[in-house]
Amino acid sequence: MRVVSQKVGAWIAKLGWVWVDGQVAQISRRPGASTVFLTLRDPSADLSLTVTTNRDVLDAGAPELREGARVVLHAKPEFYAARGTLSLRADEIRQVGLGELLARLEKLKKLLAAEGLFDRARKRRLPFLPGRIGLITGRASAAERDVLTNARRRWPAVEFRTVNVAVQGPSAVPQIVDALRVLDADPTIDVIIIARGGGGIEDLLPFSDEALCRAVFGCRTPVVSAIGHETDAPLIDYVADVRASTPTDAAKRVVPDLTEEVRLIGQARHRLERAVRNLVDRETHRLDGLRSRPVLARPQVMVDQRATELTALRQRAGRCLEHRLSAADDDLRHTVARLRALSPAATLDRGYAIVQRADGHVVRAAAEVGKGDPLRVRLADGELAATVDG
């Protein structure tokens with residue numbers, strides 16, 4: 001082990017001086033000592049290193065340095081083989097100014113946007129009435145009070161699971177990320193609210209941390225960001241599914257207003273009753289119209305009408321038959337009269353006679369018979385036998 005530690009220390013000693021950027025998690029100034037110990041934390045990873053420097057170096061570069069500040073320092077890595085620890089020895093420390101912080105945040109914002117963390121298409125809609133709400137906020141903070149009070153005022157039966165964390169300083173990001181992981185794994189949580197009251201840009205820096213933004217992006221549960229006031233816009237606002245301007249606004253967005261919902265239900269019931277009443281009235285009028293028609297009001301009218309039509313048809317048929325029989329009778333009488341006028345009997349009745357020979361041949365000329373031929377003379381009444389004598 002000692003050989004390995006020595007080789008690691010020798011390799012690290014070759015690295016030389018480097019520039020390091022980080023957040024001050026802890027400052028240790030011992031009275032009367034010339035050495036100052038810093039704990040430097042990587043804002044984007046759960047990693048920290050111990051930094052040693054001279055008090056004069058710290059006073060020259062960052063005399064007002066406090067925990068949570070961002071710094072850039074020029075340091076040399078050192079490995080302590082006995083303890084197996086890595087630390088930095090700094091000869092220059094610079095506190096990062098607000099302008100530089102804003103420039104870095106803008107650069108990070110463009111990076112996260114390019115990766116799609118701000119894409120509106122991936123943002124999920126909040127449930128209409130969540131069964132249980134996860135709340136991440138500072139302990140006994142105004143933000144916690146605003147969210148709980150306003151949410152319960154709107155919907156008294158709403159349930160919360162509150163996780164209190166540090167909302168500023170070097171420990172804020174790890175605690176918030178751990179709280180997110182716990183609430184996201186809870187199947188009873190339907191939505192998560194991350195809330196904090198207002199503050200300066202430095203106070204809200206944890207909510208623009210890259211690690212926290214990626215943790216919010218990876219949540220399966222919808223996340224509501226309620227950080228600061230309307231004008232505050234940390235990067236978590238762009239990643240969250242819903243951005244609330246204040247913690248009070250978050251409570252209004254997450255749960256519906258019971259009074260308003262009851263009013264809307266009343267209006268819907270009134271519209272439904274009115275629609276049903278109008279439908280019943282319309283159908284009642286329609287039935288009344290059908291019942292008032294003669295076929296339903298006096299159904300015998302249709303039978304009487306058909307009976308009248310049948311009687312008229314029968315009378316008409318009788319008249320037609322009588323007319324045809326009368327015409328046929330007239331025709332028959334005329335025919336009989338013509339037959340009688342043309343009949344030989346009618347000729348005989350007028351005084352004429354028919355002369356026939358013995359063979360029945362009608363004699364039409366005197367040359368057809370000879371002297372002594374027998375003849376039969378047919379009269380209108382009877383017959384006479386005759387003989388030709390000349």
Side-chain angles (χ1 to χ4, degrees), residues 20-30 36-53 58 62 64-73 75 85-88 90 93 95-96 98 100-102 104-105 108 112 134-145 147 160-186 192-219 223-228 232 234-237 239-240 247:
V20 180
D21 176 17
Q23 185 178 25
V24 177
Q26 185 179 3
I27 303 176
S28 178
R29 295 185 179 95
R30 297 177 182 177
V36 178
F37 295 92
L38 306 175
T39 300
L40 194 66
R41 175 184 169 273
D42 187 342
S44 301
D46 190 10
L47 177 66
S48 61
L49 286 175
T50 300
V51 180
T52 60
T53 187
L58 182 61
E64 303 296 332
L65 186 64
R66 297 180 181 179
E67 293 180 356
R70 296 289 292 270
V71 295
V72 176
L73 51 86
T85 58
L86 177 67
S87 63
L88 299 173
I93 298 178
Q95 186 170 353
V96 178
L98 180 60
E100 187 174 352
L101 282 177
L102 293 177
R104 292 185 181 184
L105 289 180
L108 178 59
L112 297 180
L135 176 60
I136 301 174
T137 186
R139 184 179 302 277
S141 62
E144 179 181 6
R145 184 176 62 255
V147 172
F160 277 91
R161 179 181 178 182
T162 304
V163 180
N164 295 119
V165 297
V167 291
Q168 68 182 61
S171 61
V173 173
Q175 292 185 23
I176 296 173
V177 171
D178 290 341
L180 268 175
R181 187 179 300 110
V182 171
L183 294 179
D184 192 39
D186 188 344
I192 299 173
I193 300 176
I194 303 177
R196 186 201 191 282
I201 295 178
E202 295 85 352
D203 297 331
L204 301 181
L205 277 178
F207 299 96
S208 293
D209 187 86
E210 181 179 357
L212 178 56
C213 290
R214 295 189 183 278
V216 171
F217 181 79
C219 283
V223 177
V224 178
S225 171
I227 309 301
D232 298 321
L235 296 185
I236 191 178
D237 283 352
V239 183

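Throughout, numbering of the chain's residues begins at 1 and tracks the sequence.
In this structure, the side chains of Ile193 and Val147 come closer than 4.5 Å at one or more pairs of heavy atoms. Residues Val20 and Val51 are not in side-chain contact: their nearest non-hydrogen atoms beyond the backbone lie 4.5 Å or more apart. Two residues are said to be in side-chain contact when any heavy atoms from C-beta on lie closer than 4.5 Å; Leu112 and Phe217 fail this criterion. Two residues are said to be in side-chain contact when any heavy atoms from C-beta on lie closer than 4.5 Å; Gln175 and Ile136 fail this criterion.
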Side chain to side chain contact (heavy atoms under 4.5 Å, CB included) assessment of Ile194 paired with Val224 | CA-CA 6 Å; Ile194 303 177; Val224 178; over 6 Å; no
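Judged by distance alone, the side chain of Arg196 and the main-chain N or O of Val167 form a donor-acceptor pair under 3.5 Å. In this structure, Thr53 contributes its side chain and Leu58 its backbone to no donor-acceptor pair below 3.5 Å.
The two residues Cys213 and Leu235 make their nearest non-hydrogen contact at SG-CB, 3.7 Å. Heavy atoms only, all atoms of each residue included: Phe207 and Leu212 are closest at CA-CD2, 3.9 Å. Heavy-atom minimum distance, Cys219 versus Val223: CB-CG2, 4.0 Å. Across all their heavy atoms, Pro234 and Leu204 have their closest contact at CB-O, 4.4 Å. Across all their heavy atoms, Arg139 and Glu144 have their closest contact at C-OE1, 4.0 Å. Annotation for Ala166 and Ser171: closest pair CB-OG, 3.7 Å, computed over non-hydrogen atoms.
Every side-chain hydrogen bond (donor to acceptor under 3.5 Å, both in side chains) that Asp237 has, sequence neighbours left out, goes to Ser225, Arg243. Partners of Arg181 according to the salt bridge (Lys or Arg N to Asp or Glu O under 4.0 Å) rule, which considers only residues two or more places apart in sequence or in another chain, are Asp178.
If you take CG on Leu40 and OG on Ser48, they are separated by 8.5 Å, rounding to the nearest 0.5 Å. Summarising the geometry, atom CG belonging to Leu180 is positioned 8.0 Å from atom CD1 belonging to Ile176; distances are rounded to the nearest 0.5 Å. Considering CD of Gln26 and OG1 of Thr50, their distance stands at 8.5 Å, rounded to 0.5 Å. Taken to the nearest 0.5 Å, the OG1 atom of Thr162 stands 9.0 Å off from the CG atom of Leu183. Taking CG of Leu38 as the reference point, atom CG of Leu49 lies at 11.5 Å (rounded to 0.5 Å).
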